[in-house]
Amino acid sequence: KAGVTQTPRYLIKTRGQQVTLSCSPISGHRSVSWYQQTPGQGLQFLFEYFSETQRNKGNFPGRFSGRQFSNSRSEMNVSTLELGDSALYLCASSLSGTLAKNIQYFGAGTRLSVL
Amino acid sequence: SQQGEEDPQALSIQEGENATMNCSYKTSINNLQWYRQNSGRGLVHLILIRSNEREKHSGRLRVTLDTSKKSSSLLITASRAADTASYFCATGLDNNDMRFGAGTRLTVKP
């Protein structure tokens, strides 16, 4: 089975722009979660989608949003980019059930740099 | 916000030695998982231990969980240069959240 695929791998944007990141989960996985990783804050949970519905949300401003399509693929959008949004964005998928009880399979991440 | 705290933040050992990393957390959990991350890459799941388990093994990995002390440890035996990576604990919470710690950076010198 193919693993979790994130595109693009690298992105450079300027402040004020918006960006969309994409994640294709492992075939058959219905849960997709997004994380932001920075040297200062570590790995922080953004949100989780399951069957096209946001099931869980971390403590991030409304500029961070996401969605999930019927084929379980997910996109994450960040509007009005700030310098502090520079980070590695990781997507993870898991089979089903509750996020807290399942093993997550991570993609390689999208490295976003905001200038 | 992070739930787990790994200790130490960084660990450097020689190949063949054992490496022990600790994780402490604050609230009750459903399970605790350990993940490995090679530099700038995604995380790879290592082992999951449920809240009613005390010890689990997988190859050269041994994980213990003490829910009374809200702590877990990961032991890597006979370490190899390829074990060089960051190791994170992740706690599955009762409210279905999952929280990662800050990680331990392990360097294994050949």
Side-chain angles (χ1 to χ4, degrees), chain A residues 2-7 9-10 21 23-26 29 31-50 53-60 86-113, chain B residues 1-10 21 23-53 56 58 61 63 65 67 72 85-105:
Chain A
V4 177
T5 304
Q6 289 189 248
T7 56
R9 289 295 317 279
Y10 302 93
L21 313 181
C23 173
S24 293
I26 292 173
H29 285 194
S31 167
V32 174
S33 300
W34 288 89
Y35 295 85
Q36 180 196 65
Q37 187 176 29
T38 60
Q41 298 296 317
L43 256 167
Q44 298 204 82
F45 173 73
L46 279 155
F47 29 64
E48 183 216 1
Y49 285 87
F50 181 80
T53 301
Q54 188 180 89
R55 189 164 65 174
N56 227 357
K57 190 177 188 306
N59 190 25
F60 276 81
S86 294
L88 180 66
Y89 289 88
L90 293 165
C91 164
S93 74
S94 60
L95 269 172
S96 62
T98 56
L99 173 68
K101 296 181 179 178
N102 278 274
I103 293 169
Q104 296 189 73
Y105 297 85
F106 282 81
T110 293
R111 173 77 62 186
L112 172 64
S113 297
Chain B
S1 60
Q2 291 171 335
Q3 153 84 328
E5 296 283 339
E6 280 95 339
D7 168 51
Q9 289 187 349
M21 289 158 266
C23 169
S24 60
Y25 56 91
K26 297 171 186 170
T27 61
S28 64
I29 60 171
N30 281 310
N31 63 66
L32 188 142
Q33 303 181 40
W34 284 90
Y35 288 80
R36 184 188 75 224
Q37 183 181 35
N38 290 89
S39 183
R41 307 284 295 181
L43 280 72
V44 174
H45 180 263
L46 295 175
I47 200 162
L48 180 154
I49 186 166
R50 302 191 192 285
S51 58
N52 61 353
E53 297 176 311
K56 210 160 182 182
S58 176
L61 306 180
V63 168
L65 179 63
T67 52
S72 173
S86 292
Y87 292 81
F88 295 87
C89 68
T91 47
L93 308 181
D94 289 338
N95 64 355
N96 196 36
D97 274 358
M98 175 161 276
R99 293 284 182 258
F100 284 80
T104 292
R105 185 166 188 81

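Keep in mind the model is a prediction, meaning the values are calculated, not measured. Below, chain A is the first sequence line, B the second, and so on; all start at residue 1.
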What side-chain donor-acceptor pairs closer than 3.5 Å can you find for residues 45-52 of chain B, not counting sequence neighbours?
| from | atom 1 | to | atom 2 | distance (Å) |
| --- | --- | --- | --- | --- |
| B/His45 | NE2 | B/Gln33 | OE1 | 3.4 |
| B/His45 | NE2 | B/Ile47 | O | 3.4 |
| B/Ser51 | OG | B/Asn30 | O | 3.4 |

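- Enclosure of atom CD in B/Gln9 is not indicated, since only 12 or fewer non-hydrogen atoms of other residues, nucleotides or ligands lie within 6.0 angstrom.
- The closest side-chain heavy-atom distance from A/Glu48 to B/Met98 is not below 4.5 Å.
- For a residue to count as touching a neighbouring chain, one of its non-hydrogen atoms must lie under 4.5 Å from one of that chain's; by this rule A/Gln6 does not touch chain B.
- Nearest heavy atom pair, residue B/Leu43 against residue A/Phe106, reads O-CB, 3.2 Å.
- Residues A/Gln104 and B/Tyr35 approach most closely at N-OH, 3.1 Å, considering heavy atoms.
- Residues satisfying the side-chain contact (heavy atoms from CB on, under 4.5 Å) test with B/Asn38, not counting sequence neighbours, are B/Arg36, B/Arg41, B/Ala85.
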